[in-house]
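Just so you know, ligand 1 is whichever comes first in the structure, and atom 1 is the first atom listed for that ligand.
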Amino acid sequence: MSLSTSRIDKFIAQHLNIARKQVRVIIAQQRVVVDDIVVTHVDQQINKFSVIALDGKVIQRETAHYLMLHKPVGVVCATTDKQHKTVIDLIDESFKKQLHIVGRLDLNTSGLVLLTNDSRWSEALTDPKHKVEKHYQVTLANKLTPEYITAFADGMYFGCEDITTQPARLTILDDYRAHVVLTEGKYHQIKRMFGRFRNPVLALHRSRIGSFELPDSLLPGQYKALDIS
Ligand code: URA
């Protein structure tokens, strides 16, 4: 997890357009406060969500935003696109340009997409080391068999990237529908895994990422703010 940091003296020097030597005096005079604590060291680290005040006046305050969105089929997981509507186009908030997507879905996949301007949070959710579970409902063209369960659990080797997929849980719901849980997100991973069985995916829907579950009340195209405190 990393939110890039920088020094407070550099920030104040840029803000006031003065030399760092002059900032040292300002800091010695205890005129700078970060997150309600008076700054005593010129090399104190700050990040983009630090609340910074100078002489009692706030000069930086950026709010972290966390959203969950129900992506409809046909909407692209990108910030801009010439051809398709994007997930950002579905958001009606002044801060929408600051947001990035936490784990993309394909154009023809529906379901849960998380968005934020907090890279620490998104990196924690997408880092393969953390093995955050992603839950999918899959509808297939051909009948499922118990062999799928073992193949998904064993992992599959993909020569193009020279990778073996992490153990995945597949539960057969009925002849043509499965629930799949992945802890990673390789390119077209689910479609390619079923592709091993020459079984085309007809529909793919993500219902959950870690502890965040798409509620039935959130309809395709709708989003809501998350309280992650
Ligand atoms: N696997 C896929 O093939 N597509 C997605 O959108 C997500 C997982």
Under the criterion side-chain hydrogen bond (donor to acceptor under 3.5 Å, both in side chains), which of His70, Glu93, Lys71 is the partner of Tyr223? Glu93
Report yes if some heavy atom in the side chain of Asn142 is under 4.5 Å from a heavy atom in the side chain of Pro200; otherwise report no. yes
Taking the minimum heavy-atom distance to atom 1 (N) of ligand 1, which of Asp106, Ile190, Leu182 ranks first? Ile190
For Thr109, the ligand 1 atoms whose distance to one of its heavy atoms is below 4.0 Å: 4 (N), 5 (C), 6 (O)
Assess the side chains of Thr165 and Glu184: does a donor N or O sit below 3.5 Å from an acceptor N or O? no
Here the pair of heavy atoms bringing Gln166 nearest to Lys131 is OE1-NZ, 3.2 Å
For atom 7 (C) of ligand 1, grab the closest protein heavy atom and report residue, atom and distance to one decimal in Å. Tyr136 CE2, 3.7 Å
Atoms of ligand 1 close to Gln189 [distance to a heavy atom under 4.0 angstrom, numbered from 1]: 1 (N), 2 (C), 3 (O)
